[in-house]
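Let me begin by presenting the structure, written as structure tokens, before commenting on it.
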Amino acid sequence: MNITIINNQLLDATTEKAKQSPRLRMNCNFHKTPDAPINRLLNAMEPETYLRPHRHCNPDKDEIFLLLRGRVAILIFDDAGNVTEQVVLDPRQGCYGGEIPAGVWHGLLVLESGSVIYEVKQGPFAPLSPDNMAPWAPPVEDAEGARRYMDMLRRHIES
């Protein structure tokens, strides 16, 4: 078959892998190699996964998220770490996705178990350099700090 089908079975299988992963998220890549000119993937995520705010500079890359199921908040930050924009993606409410321009500090906060986004980003894949990680947000290795930070972001979204 020449068509890659994105259906409930694929979402369920990727979600199950995310639930078993220590990071509580799992990719299902559609691009054949990391150096593909466009990276396309499913990213299944659970509410306790920590996605440290970051940006995509050097190389500059725009990032597109389409939420296929669940609820996820996209947060935009200024250089000091203040939330300047936020939107809750929820396909049941007619809010499906967002496009983040290169160089903009952003993060995702997963609000519902079983959430899966379809992500598109310019390739080739390059791990984020330290200067692309938000200096005002806890590092991934600081589990307690990350939990407190996510709790604070959830309170911000609810207010």
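Of all heavy-atom pairs between G70 and P91, the closest is O-CD, 3.5 Å.
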### Task
Kindly determine whether T49 and L108 satisfy side-chain contact (heavy atoms from CB on, under 4.5 Å), including the steps that lead there.
CA-CA 10 Å; T49 191; L108 298 178; over 6 Å; no

### Query
Can L128 and R52 be said to form a side-chain contact (heavy atoms from CB on, under 4.5 Å), step by step?
CA-CA 11 Å; L128 288 173; R52 184 177 181 184; over 6 Å; no

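Using a distance-only test at 3.5 Å, with no hydrogens or angles considered, no donor-acceptor pair links the side chain of N27 to the main chain of N43. With hydrogens and angles ignored, the 3.5 Å screen pairs no side-chain donor or acceptor of R147 with any backbone N or O of D142. Not a single donor-acceptor pair under 3.5 Å links the side chain of S113 to the backbone N or O of E46. Here the side chain of H106 pairs a donor or acceptor atom with the backbone of H54 at under 3.5 angstrom.
Partners of K121 by salt bridge (Lys or Arg N to Asp or Glu O under 4.0 Å), not counting sequence neighbours, listed by chain and number: E63, E119. In this structure N58 satisfies the side-chain hydrogen bond (donor to acceptor under 3.5 Å, both in side chains) test with no other residue, sequence neighbours excluded. For Q9, the side chain to side chain contact (heavy atoms under 4.5 Å, CB included) partners at least two apart in sequence or on another chain are N7.
At a threshold of 4.0 Å, the pair D151-R148 does not count as salt-bridged, since none of the basic side-chain nitrogens sits closer than that to a carboxylate oxygen. A salt bridge does not link E16 with K19: every distance from a Lys NZ or Arg NE/NH1/NH2 to an Asp or Glu carboxylate oxygen is 4.0 Å or more.
Applying the ring pair (Phe, Tyr, Trp, His ring centres under 6.0 Å) test to residues at least two apart or on different chains, the pairs with a partner in residues 64-102 are F77-W136. For the salt bridge (charged side-chain N to carboxylate O under 4.0 Å, His left out) condition, no pair includes a residue of residues 99-108, sequence neighbours left out.
Two residues are said to be in side-chain contact when any heavy atoms from C-beta on lie closer than 4.5 Å; I157 and L75 meet this criterion. L51 has its side chain within reach of R25: a pair of non-hydrogen atoms, C-beta onward, lies under 4.5 Å apart.
By the criterion of side-chain heavy atoms lying less than 4.5 angstrom apart, applied directly or through intervening Ile, Leu, Val, Met, Phe, Trp or Tyr residues, Y149 is grouped together with L111 in one hydrophobic cluster. Residue L41 is not grouped with residue M26 when hydrophobic side chains (ILVMFWY) are merged at heavy-atom distances under 4.5 angstrom, including chains of intermediate members.
Residues N8 and D12 bring no donor and acceptor atom of their side chains to less than 3.5 Å of each other.
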Could you list the donor-acceptor pairs under 3.5 angstrom formed between side-chain atoms of residues 29-38 and any protein atom two or more places apart in sequence or on another chain?
| from | atom 1 | to | atom 2 | distance (Å) |
| --- | --- | --- | --- | --- |
| H31 | ND1 | R40 | N | 3.0 |
| H31 | ND1 | R40 | O | 3.1 |
| T33 | OG1 | D35 | OD1 | 2.4 |

